[in-house]
Amino acid sequence: MNVPDKPSLDGLEARWGEWWEAAGTYRFDRTKTRGEIFAIDTPPPTASGSLHVGHVMSYTHTDLMARYKRMRGLEVFYPMGWDDNGLPTERRVQNYFGVRCDPSLPSDPDFDASTLERPDDKQPVAIARGNFIELCERLTTEDEKAYESLFRLLGLSVDWAQTYTTIGEVSRRASQRAFLRLLDRGLAYNAEAPTMWDVDFRSAVAQAEIEDREQDGHYHRIVFDRDGGEGPIEIETSRPELLPACVALVVHPDDPRAASLVGTTALTPLFRVPVPVVAHELADPDKGTGVAMICTFGDVTDVTWWRELGLPARVVIRRDGTLAPGRFGEPGWESRDAEAANTAMAELSGKGAKQARRRIVELLVESGALLGEPEAIRHAVKFYEKGDRPLEVISSRQWFIKTLEFKERLLARGREMRWHPVFMGARYTSWVEGLNQDWALSRQRYFGVPFPVWYALDAEGEPDYTAPIVPSEAALPIDPQEDVPPDYTAAQRGVPGGFMGDPDVMDTWATSSLTPQIAARWEDDPDLFTRLFPMDLRPQAHEIIRTWLFYTVLKAELEHGSLPFTDAAISGFVLDPDRKKMSKSKGNVVVPTEVFERHSADAVRYWAGSARLGVDAAFDEQQMKVGRRLAIKILNASKFVLAMDATGGGVTEPVDLAMLATLRGVVLEATAAFEDYEHAKALDVVERFFWGFTDDYLELVKQRTYGARGPEAAASAIGALRQALDIVLRLFAPVLPYVTEEVWSWWREGSVHRSAWPATDELVSSDGADPEVYEIAAAVLGAVRKEKALAKVSLKVPVLRVIARDTAERLAKLRLADADLRAAGSIEAVVYEEAADASIDVELAPAEPV
RNA sequence: GGGCGCGUAGCUCAGCGGGAGAGCGCUCGCCUCACACGCGAGAGGUCGCUGGUUCGAACCCAGCCGCGCCCACCA
């Protein structure tokens with residue numbers, strides 16, 4: 001027994017953090033079988049940036065579950081990954097080192113960034129992809145160290161021997177292997193197809209990375225002449241600059257005008273291009289004039305129309321977002337006045353969409369084709385979530401993964417998964433139901449996992465995309481820019497009759513969607529994999545249900561025919577005190593390290609643990625102060641409990657048994673709450689008991705522990721106190737790992753975090769005890785305190801007598817606590833009066849003359 | 001436009017069919033031998049609004065209002 005005189009929270013994080021590491025308290029034991037393991041698919045935080053209190057909350061939520069399951073006897077697999085793959089890292093490396101990636105360069109094996117020659121400060125140095133990746137890894141290593149130390153401070157019970165990075169070799173191999181297998185099964189395909197395209201990043205983006213933003217715009221009413229005579233046709237468009245890309249007009253088949261319009265031909269204004277009028281269900285009779293122009297391509301509806309109606313393509317937007325020069329008069333670019341069309345096009349060429357729009361409106365006004373004033377509107381426009389300009393639909397060659405045909409299976413997997421909270425499952429369902437394109441997998445970027453394929457070049461040097469050359473799985477990971485395909489030589493790269501490597505990298509989600517497989521060392525360590533996969537828990541934020549969660553389900557379904565994990569726990573956002581989401585741009589982020597210093601890690605965890613899953617939580621330092629107080633209270637109450645020597649007698653006093661019976665209910669409730677992923681409820685139940693334990697129970701039995709009623713009665717109290725403390729420490733351990741470990745170390749062996757979660761059979765001695773004894777006695781004690789507070793006297797002032805009126809049954813219970821009550825409240829006598837209405841009268845002794 | 005969640009004391013939230021609660025904040029008091037980094041007490045609320053079901057509604061149902069998020073084919 002080693003109880004300090006002045007227990008303190010100071011230094012607990014450092015002391016126990018080191019101890020846990022040295023003792024291997026959270027080390028994963030891989031000899032356990034799947035049924036004995038609880039496997040967590042930890043979210044890998046983005047390694048470029050900084051952790052904020054949102055991370056603190058959600059990672060704490062995961063840790064609560066990890067610690068609970070560990071105490072339940074499960075071997076917890078709790079790894080940590082670092083997401084260093086992707087655009088944020090790429091950008092930071094470019095700025096930090098002044099380099100840019102040129103995938104056409106071969107890697108320099110002697111590359112050294114410190115001797116990097118920068119002939120011109122303004123011009124970044126071009127380096128090979130392999131060297132670029134080295135730099136990315138080097139820079140992110142620094143971030144990862146900082147993150148790890150913060151996560152350790154927070155007390156995450158991660159096994160730090162189980163780490164991975166999403167750009168590391170294991171991740172690249174897994175990503176490429178998964179891709180090759182999908183390719184082999186025909187589930188991955190490449191195609192020249194219209195795809196959502198960010199003109200600034202010059203890369204394709206997937207549906208999941210697109211967000212709608214409300215934008216100001218205008219409806220322009222434009223009149224098309226008819227090719228042949230009948231009256232003109234009016235349409236409305238918010239994108240008049242796409243007029244040269246117009247390939248048809250469309251009406252709904254049920255529109256009364258359809259009969260006279262469909263099958264006829266109209267002429268585009270300015271460009272005089274004959275376009276057919278066609279019918280399609282997607283044309284909305286109530287929108288605009290009911291007639292829409294189909295352009296290649298203004299939006300995804302255009303793509304649908306173009307594809308289903310077999311229309312030609314006349315693309316005018318280039319990959320950088322500017323308009324191309326006119327080609328009217330060439331094949332496929334028919335015009336009744338090609339010269340005028342090209343003149344008009346020349347006015348637009350080289351301009352971005354916005355400028356081109358402004359100019360074409362002027363041209364349309366001059367030509368009289370624009371009717372009236374453009375009508376100002378607000379409408380939703382699609383953006384890449386990280387982009388600044390609206391997306392364009394641009395045709396390019398991309399890799400896709402078949403997704404649409406698996407919708408039903410993916411929906412079924414969503415129903416099969418357990419969602420915490422349940423309503424978050426609806427997010428997944430609505431996303432899957434709304435899918436309208438296969439997963440566009442390729443990105444025209446550099447830092448990422450390359451596609452492990454090459455293409456044979458024909459005699460003209462043109463690649464054959466239909467038959468990609470693939471490496472063996474054993475060779476993975478490969479970089480097709482560095483490595484040479486089987487049966488070729490390096491000298492054949494890029495020459496007719498030779499080969500070329502696929503220049504693109506995969507969407508970062510292609511890797512992130514394999515985090516369970518990566519952490520479990522899929523195929524690299526089959527023994528480990530069978531012990532871990534499918535995992536138990538995926539904790540994550542709700543904003544990435546459609547990306548991380550969805551893609552992970554998709555990959556597991558396609559590769560393994562199973563869920564990747566059985567449970568998903570979704571955390572909410574952290575809001576600042578003004579109820580706004582914390583974000584760097586709003587300047588309202590709180591630096592976590594300072595918060596730990598002010599309140600202690602346990603206190604911060606208390607705040608996080610008080611927030612339920614799926615519910616946005618306010619950042620609330622007051623709540624952390626409460627947590628700190630609770631932690632200190634645990635120290636002091638423990639000190640009191642452990643100060644008295646245990647004499648070894650049994651727990652016999654009714655009040656003691658009643659308290660333990662109450663605790664039994666608490667154990668049941670807290671356990672049920674954790675099983676339901678309701679950690680906040682578990683904490684609430686335990687905390688409520690604990691405050692009553694210190695405020696009421698400790699006061700009731702304090703005098704007795706000092707021996708006021710003899711050694712046997714004292715032993716009963718001391719025994720009950722110790723048993724309660726033993727259980728309460730374990731109940732608090734998931735939320736408050738530091739303070740509970742500290743107290744545990746005073747009198748127990750090993751770590752509280754490897755001790756067993758409390759079970760009711762530990763409290764068998766209180767079987768049949770009536771918790772009401774404790775409850776009623778506490779109520780009387782409360783009444784006494786109230787009387788003294790109202791009289792503004794010290795709690796030491798004696799009470800002449802307390803008259804308790806209640807039913808005979810309850811009075812009998814109160815009598816069982818008579819002696820403790822009189823000692824605790826300095827009460828000379830308790831009078832028991834049977835009455836229909838319960839009430840308590842307290843008569844204080846007259847004040848001492850001063 | 002569709003969906004989900006939320007609206008309870010000044011603040012943060014629990015309660016989800018039969019007494020309107022907790023903590024913080026505020027006010028008042030107390031150095032009571034575990035704790036002044038403490039202890040005790042008090043004040044404070046037509047439970048968003050309107051209807052309905054029920055003997056009884058903060059809780060169930062319907063409609064509305066407000067806030068947040070998710071989804072949706074930008075004419």
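Note on naming: letters A, B, ... go to the chains in the order of the sequence lines (proteins, then strands), and numbering restarts at 1 for each one. Note that the structure is a prediction, hence the values are computed from the model and not measured.
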Give [X] one of three labels, base, sugar-phosphate or nothing, depending on what nucleic acid heavy atoms sit under 4.0 Å from its own.
| X | value |
| --- | --- |
| A:Gly434 | sugar-phosphate |
| A:Ile235 | nothing |
| A:Gly298 | base |
| A:Ala283 | base |
| A:Asn436 | sugar-phosphate |
| A:Leu391 | base |
| A:Ala643 | nothing |
| A:Ser8 | nothing |
| A:Asp299 | base |

Nearest to the side chain of [X], heavy atoms from C-beta on, is which of [options]?
| X | options | result |
| --- | --- | --- |
| A:Arg427 | B:G3, B:A22, B:C37 | B:G3 |
| A:Phe423 | B:A36, B:C4, B:C37 | B:C4 |
| A:Thr301 | B:A72, B:C4, B:C73 | B:C73 |
| A:Arg629 | B:A22, B:C73, B:G38 | B:G38 |
| A:Ala618 | B:G40, B:C74, B:C13 | B:C13 |
| A:Arg612 | B:C74, B:A41, B:A14 | B:A14 |
| A:Gln207 | B:A72, B:C24, B:C74 | B:A72 |
| A:Trp691 | B:C39, B:U32, B:A41 | B:C39 |
| A:Val626 | B:G40, B:C39, B:G23 | B:G23 |
| A:Lys633 | B:A41, B:C69, B:C39 | B:C39 |

Round to a whole Å and report the spacing from [atom1] of [X] to [atom2] of [N].
| X | N | atom1 | atom2 | answer |
| --- | --- | --- | --- | --- |
| A:Phe690 | B:G23 | CZ | P | 15 Å |
| A:Arg785 | B:G40 | CZ | P | 6 Å |
| A:Arg546 | B:C4 | CZ | P | 19 Å |
| A:Gln622 | B:A22 | CD | C1' | 15 Å |
| A:Ile210 | B:C70 | CD1 | P | 15 Å |
| A:Met424 | B:C69 | CE | C1' | 8 Å |
| A:His280 | B:C73 | NE2 | P | 14 Å |
| A:Asp212 | B:C73 | CG | P | 7 Å |

**Prompt:** Excluding sequence neighbours, so at least two apart, what forms salt bridge (Lys or Arg N to Asp or Glu O under 4.0 Å) with A:Arg221?
**Reply:**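 Scan of A:Arg221 (salt bridge (Lys or Arg N to Asp or Glu O under 4.0 Å), adjacent residues dropped) gives A:Glu234, A:Glu236.
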
Under 3.5 Å, which N/O atoms of the protein pair with N/O atoms of nucleotides 42-45 of chain B?
from	atom 1	to	atom 2	distance (Å)
B:G42	OP1	A:Lys786	NZ	3.1

**Prompt:** How many angstroms lie between CZ in A:Arg605 and CE in A:Met57, if you round to the nearest 0.5 Å?
**Reply:**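 Those atoms lie 14.0 Å apart.
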
**Message:** I'd like to check the side chain to side chain donor-acceptor pair (under 3.5 Å) partners of A:Arg257; sequence neighbours left out, ordered by chain and number.
**Reply:**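 Applying side chain to side chain donor-acceptor pair (under 3.5 Å) to A:Arg257 gives A:Asp255.
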
Can you tell me how far [atom1] in [N] sits from the matching atom in [M], rounded to whole Å?
| N | M | atom1 | result |
| --- | --- | --- | --- |
| B:A41 | B:G66 | P | 43 Å |
| B:G19 | B:U12 | P | 28 Å |
| B:C13 | B:C47 | C1' | 13 Å |
| B:A14 | B:U54 | P | 31 Å |

Exercise answer: donor-acceptor pairs, residues 630-638 of chain A side-chain atoms, under 3.5 Å, sequence neighbours excluded:
from	atom 1	to	atom 2	distance (Å)
A:Asn636	ND2	A:Ile632	O	3.3
A:Ser638	OG	A:Ile634	O	2.5

**Prompt:** If you look at every heavy atom in A:Ala258 and A:Pro253, which pair is closest and at what distance?
**Reply:**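 Looking at all heavy atoms of both residues, the shortest contact is CB-O, 3.7 Å.
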
**Prompt:** What heavy-atom pair brings A:Ser794 and A:Lys788 nearest, and what distance separates the two atoms?
**Reply:** O-CD, 3.8 Å

**Message:** If you take any heavy atom closer than 4.0 Å to RNA chain B, which residues from residues 695-705 of chain A end up in contact?
**Reply:**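 Residues of residues 695-705 of chain A that come under 4.0 Å of RNA chain B are, in numerical order, A:Asp695, A:Leu698, A:Glu699, A:Lys702.
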
Partner residues of [X] under the side chain to side chain contact (heavy atoms under 4.5 Å, CB included) criterion, sequence neighbours left out:
| X | result |
| --- | --- |
| A:Val641 | A:Leu721, A:Arg722, A:Leu725 |
| A:Asp10 | A:Ser8, A:Arg628 |
| A:His280 | A:Val250, A:Leu282, A:Trp305, A:Glu308, A:Leu309 |
| A:Glu678 | A:Arg612, A:Ala673, A:Asp676, A:Lys681 |

**Asked** For A:His61, what residues pass the ring pair (Phe, Tyr, Trp, His ring centres under 6.0 Å) criterion, not counting sequence neighbours?
**Response**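 Listed in chain order: A:His679.
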
**Item:** Partners passing ring pair (Phe, Tyr, Trp, His ring centres under 6.0 Å) against A:Trp306 (at least two apart in sequence or in another chain)
**Value:** A:Phe297

**Request:** Assign each of A:Lys6 and A:Arg688 to its nearest nucleotide of RNA chain B by heavy atoms, then name whichever residue's nucleotide is nearer the 5' end.
**Result:** A:Arg688

**Message:** Could you spell out the base pairing of RNA chain B as a dot-bracket line? Use Watson-Crick and G-U wobble contacts where both distances are under 3.5 Å, [ ] for crossing pairs, | for partners on a different strand.
**Reply:** ((((((((.[[[[.)..(..]]]].(((((.......))))).....[[[[[..)....]]]]])))))))....

**Request:** Using a cut-off of strictly less than 4.0 Å, decide whether A:Lys382 has a side-chain nitrogen or oxygen near OP1 or OP2 of B:C73.
**Result:**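 For A:Lys382, the contact criterion (side-chain N or O under 4.0 Å from OP1 or OP2 of B:C73) is met.
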
**Under 4.0 angstrom between A:Lys287 side-chain N/O and B:C73 OP1 or OP2** =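 Result: no.
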
**A:Lys792 (side chain) and B:C28 (base): donor-acceptor pair under 3.5 Å** = no

**Prompt:** Please walk me through it: do A:Val273 and A:Arg314 pass side-chain contact (heavy atoms from CB on, under 4.5 Å)?
**Reply:** CA-CA 11 Å; A:Val273 175; A:Arg314 276 190 291 277; 3.4 Å; yes

**Prompt:** Under 4.5 Å between any side-chain heavy atoms of A:Met293 and A:Phe224, yes or no?
**Reply:**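 Yes. Closest side-chain heavy atoms under 4.5 Å.
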
**Message:** If you apply the rule salt bridge (charged side-chain N to carboxylate O under 4.0 Å, His left out), what do you find for A:Glu787 with A:Arg785, and how did you get there?
**Reply:** CA-CA 5 Å; A:Glu787 200 57 35; A:Arg785 284 194 295 239; over 6 Å; no

